[in-house]
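Quick caveat, the model's predicted, so the values are computed rather than measured.
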Amino acid sequence: MSEPARKRATYADLLALPVHMVGEIIAGELSVMPRPRARHAAASSSLGEELGPPFRRGRGGPGGWVFLDEPELHLADDVVVPDLAGWHRARMPELADVPFLELAPDWICEVLSPRTARA
């Protein structure tokens with residue numbers, strides 16, 4: 001006997017999560033993790049600080065980038081929340097005041113912790 005078809009995760013499933021959890025929908029599957037711990041957030045923040053002068057501001061680098069910490073991205077049917085994401089300003093000349101973005105970033109970064117590196 002075959003297993004019943006799994007129900008595809010929806011945005012309502014994400015909204016129902018407790019505030020201390022981060023959810024993503026990838027290929028219809030709901031993935032839930034606790035919000036990053038302080039050391040994880042510090043590593044991500046430090047990387048963002050390093051990227052800002054050369055890549056965002058053009059001090060010692062090319063400039064012309066927009067970086068966001070933990071943006072919610074709606075990409076086709078997937079909803080993902082990378083630790084850092086970057087867009088060339090030519091593709092995102094203005095940052096809209098919206099709860100999520102549908103424009104795929106040009107660059108993303110996931111900070112690995114001992115727990116997430118094993119996943």
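In this structure, Arg91 contributes its side chain and Ala104 its backbone to a donor-acceptor pair below 3.5 Å. For Trp65 (side chain) and Gly52 (main-chain N/O), no donor-acceptor pair under 3.5 Å exists by modelled atom type. Side-chain atoms of Asp13 do not come within 3.5 Å of backbone N or O of Leu30 as any donor-acceptor pair. Side-chain atoms of Glu24 come within 3.5 Å of backbone atoms of Val81 as a donor-acceptor pair (strictly under, hydrogens ignored).
No side-chain heavy atom of Leu75 sits less than 4.5 Å from a side-chain heavy atom of Glu102. Using a 4.5 Å heavy-atom cutoff, the side chains of Glu72 and Val79 are in contact. Residues Leu14 and Ile25 meet the side-chain proximity criterion, which asks for heavy atoms closer than 4.5 Å. The closest side-chain heavy-atom distance from Pro34 to Val22 is not below 4.5 Å. The shortest distance between side-chain heavy atoms of Asp83 and Ser44 falls below 4.5 Å. Residues Trp107 and His88 form no side-chain contact, since every pair of their non-hydrogen atoms from C-beta on lies 4.5 Å or further apart. For the pair Arg56 and Leu51, the minimum side-chain heavy-atom distance is 4.5 Å or more. In this structure, the side chains of Leu68 and Trp87 come closer than 4.5 Å at one or more pairs of heavy atoms.
A salt bridge is defined here as a Lys NZ or Arg NE, NH1 or NH2 lying under 4.0 Å from an Asp or Glu carboxylate O, and Arg89 with Asp106 fails to meet this definition. Checked for salt-bridge contact, Glu29 and Lys7 miss the test: no charged N lies under 4.0 Å from a carboxylate O.
When every heavy atom of Pro105 is checked against every heavy atom of Gly86, the shortest pair comes out as CB-O, 3.5 Å. Contact detail for Leu84 and Gly48: the closest heavy-atom pair is CD1-N, 4.1 Å. Here the shortest heavy-atom pairing between Val32 and Met21 reads CG1-CE, 3.3 Å. Taking each heavy atom of Ala85 and Pro82 in turn, the nearest pair found is CB-CG, 4.2 Å.
Tracing side-chain contacts under 4.5 Å through hydrophobic residues (I, L, V, M, F, W, Y), one never reaches Phe67 starting from Met92; they form parts of separate clusters. When hydrophobic clusters are built by joining Ile, Leu, Val, Met, Phe, Trp and Tyr residues whose side-chain heavy atoms come closer than 4.5 Å, directly or via intermediates, Phe100 is not grouped with Val98.
Atom OG1 of Thr10 and atom CG of Asp77 lie 11.5 Å apart (nearest 0.5 Å).
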Show your reasoning for whether salt bridge (Lys or Arg N to Asp or Glu O under 4.0 Å) applies to Arg35 and Glu70.
CA-CA 11 Å; Arg35 293 216 45 85; Glu70 295 186 6; 2.5 Å; yes
